[in-house]
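The next block holds one structure in the form of structure tokens; read it before the comments.
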Amino acid sequence: MENTKDLTEHSSRSERKRRDSFGMFDGYDSCSEDTSSSSSSEESEEEVAPLPSNLPIIKNNGQVYTYPDGKSGMATCEMCGMVGVRDAFYSKTKRFCSVSCSRSYSSNSKKASILARLQGKPPTKKAKVLQKQPLVAKLAAYAQYQATLQNQAKTKAAVSMEGFSWGNYINSNSFIAAPVTCFKHAPMGTCWGDISENVRVEVPNTDCSLPTKVFWIAGIVKLAGYNALLRYEGFESDSALDFWCNICGSDIHPVGWCAASGKPLVPPRTIQHKYTNWKAFLVKRLTGAKTLPPDFSQKVSESMQYPFKPCMRVEVVDKRHLCRTRVAVVESVIGGRLRLVYEESEDRTDDFWCHMHSPLIHHIGWSRSIGHRFKRSDITKKQDGHFDTPPHLFAKVKEVDQSGEWFKEGMKLEAIDPLNLSTICVATIRKVLADGFLMIGIDGSEAADGSDWFCYHATSPSIFPVGFCEINMIELTPPRGYTKLPFKWFDYLRETGSIAAPVKLFNKDVPNHGFRVGMKLEAVDLMEPRLICVATVTRIIHRLLRIHFDGWEEEYDQWVDCESPDLYPVGWCQLTGYQLQPPASQSSRENQSASSKQKKKAKSQQYKGHKKMTTLQLKEELLDGEDYNFLQGASDQESNGSANFYIKQEP
């Protein structure tokens with residue numbers, strides 16, 4: 001399909017025919033009115049080893065949580081009220097049980113703490129991550145937090161977006177947005193073509209006093225994701241009536257649509273006096289120009305058709321026990337994002353949000369086929385109308401050969417912590433499953449029964465070989481309680497009697513993704529996956545992106561893969577009807593003075609930049625008889641390129 005349409009008329013046509021082809025309306029008095037248009041649910045859960053009797057336990061809502069240290073004193077979370085071991089609590093003052101509670105707490109109004117994030121209020125007290133708490137404690141706190149959210153679901157008001165505009169936000173700060181082509185999973189992501197500045201479109205004319213809807217031609221001045229800054233033809237360099245709109249909206253058409261549809265083209269009232277022959281003006285300006293392809297709106301519609309439907313059954317990670325999956329039912333589909341309700345939820349409030357291409361969801365029977373732990377449903381048969389999702393609808397993983405050299409239990413690696421996505425941690429392979437899947441545990445924070453292990457595929461961009469963080473100048477989170485700092489892999493492997501997973505087994509593919517530092521986008525807050533927020537790319541390590549949520553502190557940043565289905569172009573929420581969370585303190589930023597000096601000062605207060613990390617001295621260490629030569633890492637500005645950011649392992 002050609003993505004642009006040449007407007008040059010054939011010279012053989014008469015001048016009158018050429019002019020009439022634009023559907024130009026000569027007089028206002030004759031303007032016409034506008035017209036418009038269950039097999040796996042029966043599987044048994046894998047037996048869990050009994051808890052050692054010498055470990056202290058805390059009972060909460062009928063569930064038992066085990067803590068490795070019962071002598072450190074108890075504490076009560078000021079957010080959710082959960083009681084736990086003080087050392088396991090989050091923040092320097094041990095006031096909160098988890099990052100979720102720390103984030104949600106507002107020192108100005110304790111009663112409004114749950115709503116703080118939704119109302120765009122940043123926390124006034126920092127809760128810096130010192131040493132990681134046990135994951136089992138975070139799971140307990142997260143379960144309590146989710147229960148609190150569910151209890152408030154019926155009374156919680158919708159988030160107000162009043163006062164926030166992507167267009168104003170980008171214009172006032174001279175931001176740039178990631179192009180639509182960076183998001184292959186988003187509508188039009190693979191067929192955006194060469195839509196760019198100076199492309200002409202037909203849009204409603206709002207500078208008109210006629211009682212009916214009329215149109216005029218406008219050119220794209222600036223693109224920001226799906227949003228375009230448009231200027232009516234004839235205004236030249238005058239930006240007085242420039243306006244932002246979603247280029248995929250129903251009122252945006254290629255040039256020639258009005259003529260084909262019988263719609264009138266009427267020049268804006270402000271410039272009506274500039275020319276006496278508007279038809280000749282349009283012929284001159286549009287000859288040789290580019291417009292949208294004729295089938296653009298059809299392709300937009302087709303790209304927003306999703307194969308997942310309500311009542312489909314899937315297997316999805318259990319948000320309270322990450323080591324296992326459960327059966328859930330698709331409740332709704334918005335822009336390819338699924339609201340899944342766990343099958344046993346009687347009031348349908350126990351839900352989980354993810355994209356249909358998320359690696360967290362699978363077809364019914366997946367857990368049994370690879371040996372993954374699965375929670376047996378109390379429901380003995382499918383409910384009326386529910387049916388298993390066809391396996392071919394799920395994201396495919398790369399096939400791997402496990403017959404030769406492969407991952408083994410006990411091997412060490414580095415992995416993004418699924419419960420604290422701002423950190424990359426020392427981790428261990430705890431179990432090797434079929435089809436290339438691995439169960440990973442975070443060193444120093446594991447539960448005795450393995451209930452906090454997490455499943456990653458061998459090709460996952462969220463796991464890395466030993467030394468990845470060091471050569472790329474990323475802060476590596478050492479095991480909780482490990483005192484020999486700064487952390488050195490050579491010493492740790494020797495002390496634990498472990499070996500590093502072979503570098504050649506990791507995914508080294510780096511796609512030409514197109515992201516750049518500073519680009520704006522809309523991103524899922526994976527700690528609360530129902531929320532999509534205004535965000536910025538602040539670091540790029542080959543295919544790994546550091547996502548910052550505008551207006552929030554850096555400790556809430558998240559490491560995300562460049563091909564993650566949880567990243568979207570600017571304007572995605574508007575296009576799909578999803579609720580966008582505005583930046584915190586947006587109103588205060590808009591009240592800043594217009595002077596550039598004050599703007600820079602305000603921006604520096606909101607955007608604190610990268611964490612300063614000490615550059616580690618890179619040395620050649622002898623590990624298990626093999627030389628590990630560290631290669632130079634990429635800078636933040638290097639978004640694409642070869643995959644030599646891993647340790648080079650030589651014989």
Side-chain angles (χ1 to χ4, degrees), residues 37-43 150 153 158 183-191 226 248-250 297-319 325-369 372 374-397 522 524 526 528-532 563-569 572-580:
S37 85
S38 83
S39 58
S40 283
S41 63
E42 298 174 358
E43 299 174 26
Q150 292 167 13
F183 309 89
K184 304 303 181 186
H185 58 280
M188 301 297 292
T190 57
C191 53
Y226 293 116
C248 295
S250 59
S297 61
Q298 178 183 348
K299 286 200 168 293
V300 171
S301 178
E302 291 174 353
S303 67
M304 295 181 67
Q305 301 299 315
Y306 307 104
F308 281 79
K309 306 297 180 185
C311 297
M312 283 184 171
R313 300 170 75 241
V314 301
E315 288 184 10
V316 63
V317 64
D318 186 341
K319 64 185 181 182
T325 57
R326 296 172 61 184
V327 173
V329 179
V330 177
E331 178 74 12
S332 59
V333 183
I334 303 178
R337 287 186 59 76
L338 312 178
R339 178 178 180 260
L340 302 173
V341 176
Y342 290 113
E343 197 169 49
E344 296 172 291
S345 176
E346 296 181 359
D347 58 1
R348 308 194 69 75
T349 59
D350 189 8
D351 61 359
F352 184 83
W353 280 92
C354 67
H355 192 271
M356 63 183 184
H357 294 153
S358 170
L360 301 178
I361 60 172
H362 310 276
H363 62 85
I364 298 295
W366 173 84
S367 297
R368 170 183 286 179
S369 68
H372 193 283
F374 178 83
K375 183 182 185 299
R376 181 178 180 179
S377 174
D378 292 336
I379 300 176
T380 57
K381 64 179 181 179
K382 300 177 187 177
Q383 298 183 21
D384 292 341
H386 293 179
F387 58 100
D388 295 350
T389 306
H392 71 272
L393 297 185
F394 295 87
K396 301 294 187 298
V397 294
E522 298 176 3
V524 176
L526 293 170
E528 287 189 66
R530 62 196 177 93
L531 302 182
I532 297 182
E563 294 183 339
S564 168
D566 295 306
L567 303 178
Y568 304 98
W572 181 88
C573 283
Q574 179 188 1
L575 177 64
T576 61
Y578 205 96
Q579 180 68 61
L580 176 67

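In this text the structure is predicted, and so the values were computed from the model without any measurement.
Residues satisfying the side chain to side chain donor-acceptor pair (under 3.5 Å) criterion with Q298, sequence neighbours excluded, are E302. For H362, the ring-ring contact (aromatic ring centres under 6.0 Å, His included) partners are W366, not counting sequence neighbours. Contacts of S358 classified as side chain to side chain donor-acceptor pair (under 3.5 Å), with partners at least two apart in sequence or in another chain: none. A search for side chain to side chain donor-acceptor pair (under 3.5 Å) contacts involving Q574 returns nothing, not counting sequence neighbours. Residues satisfying the ring-ring contact (aromatic ring centres under 6.0 Å, His included) test with Y342, not counting sequence neighbours, are none.
E315 places a side-chain N or O within 3.5 Å of a backbone atom of G365 that can act as its donor or acceptor partner. At least one donor-acceptor pair closer than 3.5 Å links the side chain of E522 to the backbone N or O of C573. At distances below 3.5 Å, at least one donor-acceptor pair connects side-chain atoms of H185 with backbone N or O atoms of L567.
How far CE of M356 is from CG of L340: 13.0 Å, rounded to the nearest 0.5 Å. Rounding to the nearest 0.5 Å gives a distance of 4.5 Å between CG of D350 and NZ of K319. How far CH2 of W572 is from SG of C248: 13.0 Å, rounded to the nearest 0.5 Å. Here the NZ atom belonging to K299 is positioned 7.0 Å from the CE atom belonging to M188, to the nearest 0.5 angstrom. Here the straight-line distance linking atom CZ of R313 with atom NE2 of H386 works out to 8.5 Å at 0.5 Å rounding. Atom CG of residue L531 and atom OH of residue Y578 lie 7.0 Å apart, to the nearest 0.5 angstrom.
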Anything under 3.5 Å between a donor and an acceptor, one on a side chain of residues 305-312, the other on a protein residue two or more places apart or in another chain? List them.
| residue | atom | partner | partner atom | Å |
| --- | --- | --- | --- | --- |
| Q305 | NE2 | S301 | O | 3.2 |
| K309 | NZ | Y306 | O | 2.9 |

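Between E563 and K184 there is no salt bridge, since none of the side-chain N atoms of the basic residue sits less than 4.0 Å from a carboxylate O of the acidic one.
Considering all non-hydrogen atoms of both residues, R348 and E331 come closest at NH2-OE1, 2.7 Å. Taking all atoms of both residues into account, the shortest heavy-atom contact from V341 to S345 is CG1-CB, 3.9 Å.
Between H355 and Y568, the ring-plane angle classifies as tilted under the 30° and 60° cut-offs.
Side-chain atoms of T349 and D351 include no donor-acceptor pair closer than 3.5 Å.
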- Query: Going through the distances and angles, do F352 and I361 end up as a side chain to side chain contact (heavy atoms under 4.5 Å, CB included)?
  - Reply: CA-CA 11 Å; F352 184 83; I361 60 172; 5.6 Å; no
- Task: Could you check D566 against R337 for side chain to side chain contact (heavy atoms under 4.5 Å, CB included), going step by step and ending with a plain yes or no?
- Result: CA-CA 9 Å; D566 295 306; R337 287 186 59 76; 3.4 Å; yes
